[in-house]
Undergrad: 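Questions regarding the structure given below will be posed in turn.
First the proteins, then the strands, lettered A, B, ... as listed; each starts at 1.
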Amino acid sequence: MLQLEIIREEKARIVAGLRKRNWNSSQLKVIDQIIVLDDQRRSGQKELDDARAEMNKMAKSIGALMGQGKKEEAEQQKKAVVLLKDKEKSLEEVLAATKHDLDQLLYSVPNAPHKSVPTGKTPEENKVFKAWAKPFPTLPADAVPHWDLGKKYNLFDFELGVKLTGSGFPVYRGQGARLQRALIQFFLDEAVKAGYEEVLPPHLVNEESARATGQLPDKEAQMYHCTEDNLYLIPTAEVPVTNIMRDEIVNIKDLPIKMTAYTPCFRREAGAWGAHVRGLNRVHQFDKVEIVRVEHPDNSYKALMGMVAHVSKLMTKLELPYRILLLCGGDMGFASAKTFDFEVWSAAQQRWLEVSSVSNFETFQTNRLKLRYRDTNGKIELAHTLNGSALALARIVAALLENNQTADGIQMPKALWKYTGFKKIG
RNA sequence: GGAGAGAUGUCCGAGUGGUUUAAGGAGCACGCCUGGAAAGUGUGUAUACGGCAAAACUGUAUCCGGGGUUCGAAUCCCCGUCUCUCCGCCA
């Protein structure tokens, strides 16, 4: 969530940012309500603290009187304190209510987009940051979409997934399963080469973790919830990996912290089905390698571009046509201040598929995470967090299969050979 | 899953109702001492939210988390979490 400090001191910037998310004047009133509630919180805190200070003083003097054997005087003071206690209790209740209301409002406000983020409401208004300049692959006349290729070469089976689990849970098999494992290994190796520490986190997280990275309360419907244990299946490795640093104060010289993780990702995608989501285009479980960075605020936008470069390199090595979009305010995620999306060209479907999202969250996550660093002058400040997919598998597989199909099999890009153990499917 | 023990600051560790304002030790930082270092020695060493224009200073909260008893709780009571030991189960 946004820092109160920033809302108060840089209100104009926050308001300008929220307008990029198409907030109208009546929605923007929340900002003023937040400031009013914060004023109430402060004065309530002061009153409560003063009442407690008074009680502490009296308790001490009662102790002293008891020590001196002045029992009667002590008894008299006890009666006085009892009155104060009622006052304290009601002050406590008022303050708790104020804090609760304030939190509710703060949770409802998305991150303020960076000044370089374009205004816009829909995906159509995203800016093409880097276009694909070369020609798209030319396919044989009998080229088919990946779901047909999957059947033809026995690479994955959706019907079987339905039998085991339900729709959107494909079973990969044979060379399809091997390709899946090869890509994971390739992406992890590239991330480690780029200086990211590999971690293998739990695939279930508790409520606190989901809240700290912003999945709760905003995206509750997106996650699978194990109610028996109150745990959530992770929708992305971002959640457990970023939470590794929760409640930490790191030394400034330990920045940046760079971590990478492979995990399966689970998404309910409730109500998001249609003709355009056939095959691997949208599934409930997919594999992804994520990169996460904790950065000094002065360096976070440079780091963002570094991550964009890393993902670009992966696409190049996989020899896939791609473009990079700078998302407009209306299309950005709740917690992000600036996001680049990567889309791969799926030649048989003749459409772009989103395969990576690289974002800077500034202090939006670290504010909830309480992830801070100690500056050279000893001051404690919130760090910036960033993350990106590097890369999400299912759609990459779709594009690899479609773009590289030939009359006698599907060619694999050279970079994958040592991971797949085969140069061609079929 | 059953039984028992435990959780105190960066770490170790004392603390069973009131000068605890959390002893003591280690570590760390800075200074003194030294040709330099070690040893010795002195000082400092949490976080959050407030008050003051700000600093100095100062208030409140925090001894695993939540609730309770009390004028007063690290300390007593209840609930929960986690760790360790033993047993059971088990890849």
Side-chain angles (χ1 to χ4, degrees), chain A residues 1-10 34-107 200-212 216 226-232 240 243-254 257 363-383:
Chain A
M1 67 187 144
L2 284 171
Q3 291 173 265
L4 267 170
E5 200 186 333
I6 292 181
I7 293 177
R8 297 191 73 110
E9 287 171 17
E10 301 174 56
I34 285 171
I35 292 172
V36 168
L37 274 173
D38 187 43
D39 287 338
Q40 283 175 26
R41 177 187 65 86
R42 288 180 188 210
S43 60
Q45 184 78 56
K46 175 98 175 85
E47 276 186 82
L48 178 61
D49 285 354
D50 289 347
R52 282 181 174 160
E54 182 66 20
M55 286 169 63
N56 286 344
K57 231 185 258 175
M58 292 181 80
K60 225 172 246 183
S61 98
I62 290 169
L65 289 171
M66 300 284 271
Q68 293 162 22
K70 297 177 181 170
K71 277 205 172 155
E72 273 183 33
E73 277 181 61
E75 285 306 319
Q76 205 131 23
Q77 288 215 3
K78 278 191 196 180
K79 280 177 198 157
V81 178
V82 172
L83 294 175
L84 263 177
K85 262 189 118 172
D86 286 342
K87 187 180 163 197
E88 189 220 10
K89 206 172 175 190
S90 68
L91 286 173
E92 243 172 30
E93 278 165 12
V94 170
L95 182 61
T98 306
K99 276 183 171 168
H100 176 263
D101 293 348
L102 181 57
D103 276 348
Q104 291 304 111
L105 291 187
L106 282 172
Y107 276 135
L200 182 55
H203 299 164
L204 287 151
V205 292
N206 58 30
E207 199 181 326
E208 209 182 341
S209 295
R211 191 168 291 281
L216 288 177
C226 307
T227 51
E228 184 85 1
D229 301 289
N230 196 25
L231 296 173
Y232 293 87
N243 270 280
I244 288 173
M245 301 307 297
R246 190 172 73 211
D247 292 322
E248 294 286 332
I249 299 174
V250 301
N251 198 309
I252 191 168
K253 62 174 188 272
D254 294 331
I257 294 163
T363 59
F364 197 85
Q365 289 185 327
T366 51
N367 190 26
R368 289 192 205 174
L369 284 163
K370 297 195 171 51
L371 165 49
R372 296 151 293 171
Y373 65 93
R374 199 180 297 277
D375 219 331
T376 39
N377 58 12
K379 246 186 115 182
I380 291 168
E381 303 282 359
L382 292 174

Undergrad: State the pairing partner of B:C89; accept Watson-Crick or G-U wobble contacts with both distances under 3.5 Å, and report none otherwise.
TA: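 For B:C89, the partner nucleotide comes out as none, under the 3.5 Å rule.
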Undergrad: Could you tell me how far apart A:N56 (CG) and B:G18 (C1') are, to the nearest whole angstrom?
TA: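 About 13 Å, once rounded to whole Å.
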Undergrad: How far, in whole Å, is B:G24 from B:U20 if one measures between their C1' atoms?
TA: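 Rounded to whole Å, the distance is 13 Å.
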Undergrad: Can you tell me which residue among A:L106, A:I6, A:L382 is in a side chain to side chain contact (heavy atoms under 4.5 Å, CB included) with A:N367?
TA: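 Of the listed residues A:L106, A:I6, A:L382, the side chain to side chain contact (heavy atoms under 4.5 Å, CB included) partner of A:N367 is A:L382.
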Undergrad: Tell me, with the steps shown, if A:I380 and A:I249 meet side chain to side chain contact (heavy atoms under 4.5 Å, CB included).
TA: CA-CA 8 Å; A:I380 291 168; A:I249 299 174; 4.1 Å; yes
Undergrad: Using Watson-Crick or G-U wobble geometry with both distances under 3.5 Å, which nucleotide pairs with B:U75?
TA: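 Base-paired to nothing in any strand shown.
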Undergrad: Quick one: A:N206 CG to B:G65 C1', roughly how many Å, whole number?
TA: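 Taking CG of A:N206 and C1' of B:G65, I get 13 Å after rounding.
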Undergrad: Any chance you could list the contact pattern along nucleotides 47-52 of chain B? Use B for base contacts, S for sugar-phosphate-only contacts and - for none, protein heavy atoms under 4.0 Å, 5' to 3'.
TA: SSSSS-
Undergrad: Both distances below 3.5 Å, Watson-Crick or wobble geometry, any strand: find the nucleotide opposite B:G6.
TA: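 Check on B:G6: paired to B:C82, both distances under 3.5 Å.
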Undergrad: Please determine if A:D39 and A:R8 form a salt bridge, counting it only when a charged side-chain N lies under 4.0 Å from a carboxylate O.
TA: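 A salt bridge is present here (some side-chain N lies under 4.0 Å from a carboxylate O).
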Undergrad: Between the side chains of A:R211 and A:E207, is the shortest nitrogen-to-carboxylate-oxygen separation below 4.0 Å, so that they form an ion pair?
TA: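 Counted as a salt bridge, because a side-chain N and a carboxylate O are separated by less than 4.0 Å.
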Undergrad: Is a salt bridge present between A:D38 and A:R41, judged by a nitrogen-to-oxygen distance below 4.0 Å?
TA: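 The answer is yes: the pair qualifies as a salt bridge.
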Undergrad: With a cut-off of 6.0 Å (strictly less than), are more than 12 heavy atoms of other residues, nucleotides or ligands near CD of A:Q76?
TA: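 Incorrect, the count does not exceed 12.
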Undergrad: Taking atom P of B:U19 as reference, at what distance in whole Å does atom CG of A:L65 sit?
TA: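 In whole Å, B:U19 P and A:L65 CG are 14 Å from each other.
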Undergrad: Where do A:R374 and A:E381 land on the salt bridge (charged side-chain N to carboxylate O under 4.0 Å, His left out) test, with the steps shown first?
TA: CA-CA 7 Å; A:R374 199 180 297 277; A:E381 303 282 359; over 6 Å; no
Undergrad: May I ask which nucleotide in the shown strands pairs with B:U69, Watson-Crick or G-U wobble, both distances under 3.5 Å?
TA: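 The answer is none; no pair meets the criterion.
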Undergrad: Roughly how many Å apart are B:U41 and B:U34, using the C1' atom of each and rounding to a whole number?
TA: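 Per the computed distance, 13 Å lies between those C1' atoms.
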Undergrad: Watson-Crick or G-U wobble partner for B:U20, using a 3.5 Å limit on both distances?
TA: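 Check on B:U20: unpaired, no WC or wobble geometry under 3.5 Å.
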Undergrad: In Å, rounded to the nearest 0.5 Å, how long is the span from CG of A:N243 to CD of A:E208?
TA: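 Interatomic distance, A:N243 CG to A:E208 CD, rounded to 0.5 Å: 8.0 Å.
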Undergrad: Between B:U81 atom P and A:E208 atom CD, what is the distance in whole Å?
TA: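 It works out to 15 Å between those atoms.
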Undergrad: C1' atom, B:C11 versus B:C28: distance in rounded Å?
TA: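 Rounded to whole Å, the distance is 11 Å.
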Undergrad: What's the gap between B:U81 and B:G27 when it is taken at their C1' atoms, as a whole Å value?
TA: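 B:U81 and B:G27 have their C1' atoms separated by 30 Å.
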Undergrad: Write down the distance separating the P atoms in B:A7 and B:C76, rounded off to the nearest Å.
TA: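 These two P atoms come out 11 Å apart once rounded.
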Undergrad: Give me the distance, rounded to whole Å, that separates B:G67 from B:C57 when you measure between the C1' atoms they each carry.
TA: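 Looking at atom C1' only, B:G67 and B:C57 are 36 Å apart.
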Undergrad: If I take atom CE from residue A:M58 and atom CG from residue A:L65, how far apart are they, to the nearest 0.5 angstrom?
TA: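 It comes to 10.0 Å.
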Undergrad: Does B:G50 have a Watson-Crick or wobble partner in any strand here, with both distances under 3.5 angstrom, and which is it?
TA: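 Answer to the pairing question: B:U58, which forms a Watson-Crick or G-U pair with B:G50.
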Undergrad: If I pick the P atom on B:A29 and the same atom on B:C84, what distance separates them, to the nearest angstrom?
TA: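 Comparing P positions in B:C84 and B:A29 gives a spacing of 32 Å.
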Undergrad: Mind jotting down which residue pairs meet the side chain to side chain donor-acceptor pair (under 3.5 Å) criterion with at least one end in residues 48-66 of chain A? Sequence neighbours excluded, please.
TA: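 Counting only pairs at least two positions apart or across chains, the side chain to side chain donor-acceptor pair (under 3.5 Å) contacts touching residues 48-66 of chain A are A:Q45-A:D49, A:K46-A:D50, A:R52-A:E88, A:R52-A:E92, A:S61-A:Q77.
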Undergrad: Do the side chains of A:E47 and A:K87 get close enough for a salt bridge, i.e. N-O under 4.0 angstrom?
TA: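 So A:E47 does not pair with A:K87 through a salt bridge.
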Undergrad: Report, as a single string ordered 5' to 3', how protein heavy atoms within less than 4.0 Å touch nucleotides 67-77 of chain B: B base, S sugar-phosphate only, - not at all.
TA: ---BBS-----
Undergrad: Now, which nucleotide makes the Watson-Crick or G-U wobble pair with B:G44, with each of the two distances under 3.5 Å?
TA: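 When the pairing criteria are applied, B:C28 turns out to be the nucleotide that pairs with B:G44.
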Undergrad: May I ask which nucleotide in the shown strands pairs with B:A38, Watson-Crick or G-U wobble, both distances under 3.5 Å?
TA: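 Looking at the geometry, B:A38 pairs with no nucleotide.
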Undergrad: With C1' as the reference atom in both, quote the distance from B:G88 to B:G13 in angstrom, rounded to an integer.
TA: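 So the two C1' atoms sit 35 Å from each other.
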Undergrad: In whole Å, I'd like the distance from the NZ atom of A:K253 to the P atom of B:C28.
TA: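 To the nearest whole Å, that distance equals 13 Å.
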